[in-house]
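None of these values were measured; they are calculated from a predicted model. All values below were derived from every heavy atom in this structure, side-chain atoms included, with hydrogens, water molecules and symmetry-related copies excluded.
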Amino acid sequence: MENQRGDFLWRRRSVIRNHLEILAAAHDVARERRRRRRDEPEDDDEDDEEGGEDTMTLTVDTANDNVVKTQYAVRGEIVQIAAQLASEGKKIIYCNIGNPQSLGQKPITFFRQVLALCDCPTLLESPDVEKLFPTDAIARARAVLSACPGGTGAYSQSKGIQICREAIARGIERRDGFPSDPNSIFITDGASPGVHMCMKVLLRNEGDAILTPIPQYPLYSATLTLYGGSLAPYYLDEAKSWSMGVEELTASIKKARDAGKTVRALVVINPGNPTGQVLSLENQKQIIDFCNREGLILLADEVYQDNIYAEGKEFNSFKKVLKSMGDEYSSVQLVSFQSTSKGFYGECGRRGGYMEMVGFDSDVGSLMNKIASVNLCSNTAGQILMSMVMDPPKEGDPSYGKYIEERDAILSSLKRRAKLIVNCLNKLEGVSCNEAEGAMYAFPSITLPPKAVQAAEALGKKPDVFYCIELLKKTGVCVVAGSGFGQKEGTFHFRTTFLPSEEDFPTIVKGLTEFHEEFMKKYS
């Protein structure tokens with residue numbers, strides 16, 4: 001009996017082993033077919049005749065190549081190391097991402113009051129509601145709820161709640177002095193989904209390219225990879241405060257076209273991320289003229305429009321500049337993006353944003369609405385918050401005084417912190433940092449000693465990544481390497497926010513200074 005049982009088990013194991021060998025062989029064949037299809041596209045017809053790739057479970061080898069290739073440094077390797085160190089008990093100061101409230105910034109009171117009333121409408125029925133909330137917050141909440149059958153827990157229109165799009169349009173009109181059509185506005189879960197929507201519509205294949213600044217916020221390189229398009233880089237001029245030259249744009253578009261690319265659009269980030277520059281009005285006019293001349297769509301990332309610190313600098317939206325240039329430029333197509341995550345509001349987790357489309361026909365609007373409809377709608381709290389960012393309390397409203405006090409306190413503190421971090425960086429050996437004119441970041445250039453470069457290469461790391469990891473391990477300060485944003489060959493940078501509280505800044509400055517001195521001494 002025991003011999004029969006043993007024989008049975010042996011046969012079963014043998015069968016299982018054979019099945020596993022067959023599966024492994026099938027996996028190898030499929031992987032080889034994928035490799036051939038990538039390296040030898042002319043063989044595609046042959047693969048089709050064979051019946052295509054075998055069906056199998058999802059692994060990295062069988063996943064969409066575009067997803068595998070997509071990179072997003074802001075939450076990449078260095079941040080993963082930071083999370084591991086935090087789990088081991090090390091205090092981490094996250095300067096890798098513009099996430100103000102995670103570092104202690106307080107929300108704007110009026111915004112949260114309206115959201116609270118919208119999310120808990122029974123409060124509006126309380127006889128004590130006017131003792132707890134200002135009358136303008138109550139009125140705003142009632143107006144929003146009257147336009148939301150089912151309240152904030154129900155789906156809205158795919159473009160966004162009508163009354164919220166109307167409020168955003170009023171805010172744009174006040175800002176720019178030109179009309180805004182609520183039907184040309186799509187409210188999104190932050191600005192990023194608006195960029196995704198545009199890329200989905202614009203990119204037909206890898207022959208389509210988008211002119212993208214280097215350094216750039218890696219959302220753009222990531223979405224281009226994800227949707228199978230090509231990045232046509234143009235370099236900002238660090239020696240001229242990260243200025244944007246039309247000569248560089250002209251050279252970049254020529255290079256892309258010579259390579260057989262169809263250049264569809266130009267991305268401009270103003271104020272800059274990660275570079276912090278604020279474009280001049282004259283420069284913006286040159287950019288619009290370039291788009292008009294070359295037949296490009298202008299994608300204007302303007303999420304830092306309220307973050308201006310440098311004396312003599314001001315924000316002008318590309319829509320305002322375009323409309324002021326007259327009918328000669330009426331054919332220029334523009335998409336502008338705004339968000340609740342930045343500015344002085346810093347409501348990143350609420351995921352509110354919008355894009356406004358200018359110069360497109362209704363058929364293109366229908367395409368965008370189709371994409372929005374696939375996602376049903378953006379979250380309603382983010383929609384309401386975005387409408388308040390663009391249409392806040394006005395002079396004479398009960399909440400106006402407190403709103404202005406909170407806004408000005410946050411922006412003046414950010415301005416002080418911007419100067420503190422840039423001054424600190426410019427005192428370090430081999431480090432040079434332009435003024436942070438706007439946004440939330442400093443982007444210093446760092447000259448690394450040859451021994452440090454060699455040490456990085458021995459570990460298979462890029463030199464600036466190596467520096468940032470060492471900084472993190474020694475100080476707990478988490479920043480992002482410049483290679484994650486793109487940089488000129490042979491240069492090294494890192495991006496840091498200046499969002500930690502002013503009380504924490506002396507500790508950060510001291511830790512950064514001591515680390516850098518030790519690092520340079522060790523590798524010099």
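- Ring geometry, Y403 versus Y400: the interplanar angle falls from 30° to 60°, so the pair is classed tilted.
- Ion pairing between K394 and D391 holds under the 4.0 Å rule for side-chain N and carboxylate O.
- C291 and L266 make their closest contact through SG-CD2, 3.7 Å (heavy atoms, listed as atom of the first residue, atom of the second, distance).
- Distance alone, capped at 3.5 Å, is enough to place a donor-acceptor pair between the Q284 side chain and the N316 backbone.
- Using a 4.0 Å cut-off between charged nitrogen and carboxylate oxygen, R112 and E347 count as a salt-bridge pair.
- Note: I81 CD1 to I469 CD1 = 4.0 Å, rounded to the nearest 0.5 Å.
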Contacts under 3.5 angstrom, residues 421-438 side chains, donor-acceptor by atom type, not counting sequence neighbours:
| from | atom 1 | to | atom 2 | distance (Å) |
| --- | --- | --- | --- | --- |
| N423 | ND2 | K419 | O | 3.2 |
| N426 | OD1 | C433 | N | 2.7 |
| N426 | ND2 | V422 | O | 3.3 |
| N426 | ND2 | C433 | O | 3.1 |
| N434 | ND2 | E238 | O | 3.0 |
| E437 | OE1 | V278 | N | 2.8 |

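- D464 CG to T491 OG1: the interatomic distance, rounded to the nearest 0.5 Å, is 8.5 Å.
- Between K254 and D258, at least one side-chain nitrogen of the basic residue sits less than 4.0 Å from a carboxylate oxygen of the acidic one, meeting the salt-bridge criterion.
- Of all the heavy atoms in V477 and C95, the pair that sits closest is CG1-SG, 4.2 Å.
- Remark: side-chain polar atoms of N270 are not paired, donor with acceptor, to backbone N or O of E302 under 3.5 angstrom.
- Between D208 and R264 there is a salt bridge, since at least one side-chain N of the basic residue sits less than 4.0 Å from a carboxylate O of the acidic one.
- Here the closest non-hydrogen pair linking V263 and I253 is CG2-CG1, 3.9 Å.
- For the pair P213/I269, a side-chain contact is recorded, criterion being any heavy-atom separation below 4.5 Å from C-beta on.
- Contacts classified as ring-ring contact (aromatic ring centres under 6.0 Å, His included) and involving residues 414-444 (residues at least two apart or in different chains) are given here: W242-F443, Y304-Y441, F443-F485, F443-H493.
- Here the closest non-hydrogen pair linking G343 and D306 is CA-CB, 4.0 Å.
- R140 and S387 make their closest contact through NH1-O, 4.4 Å (heavy atoms, listed as atom of the first residue, atom of the second, distance).
- The distance from atom OH of Y235 to atom CE of M244, rounded to the nearest 0.5 Å, is 14.5 Å.
- Within the 3.5 Å criterion, the main-chain N or O of G190 finds no donor-acceptor partner in the side chain of Y354.
- Taking the six-membered ring where tryptophan is involved, the planes of F494 and Y467 are essentially parallel, since the angle between them stays under 30° and well short of 60°.
- Take Q277 and apply the side-chain hydrogen bond (donor to acceptor under 3.5 Å, both in side chains) test, not counting sequence neighbours, and it matches T275.
- Looking at every heavy atom in both residues, P100 comes nearest to S341 through CD-O, 3.9 Å.
- Two residues are said to be in side-chain contact when any heavy atoms from C-beta on lie closer than 4.5 Å; H196 and L219 meet this criterion.
- Ion pairing between a basic and an acidic side chain is recognised when a charged N comes within 4.0 Å of a carboxylate O; E518 and K522 show no such pairing.
- With respect to E356 and K319, a salt bridge is recorded, a charged nitrogen being found less than 4.0 Å from a carboxylate O.
- By the 4.0 Å N-to-carboxylate-O rule, K415 lies close enough to E311 to be salt-bridged with it.
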List the steps, then state whether salt bridge (Lys or Arg N to Asp or Glu O under 4.0 Å) holds for K510 with E514. CA-CA 6 Å; K510 182 174 183 291; E514 291 176 352; 2.8 Å; yes

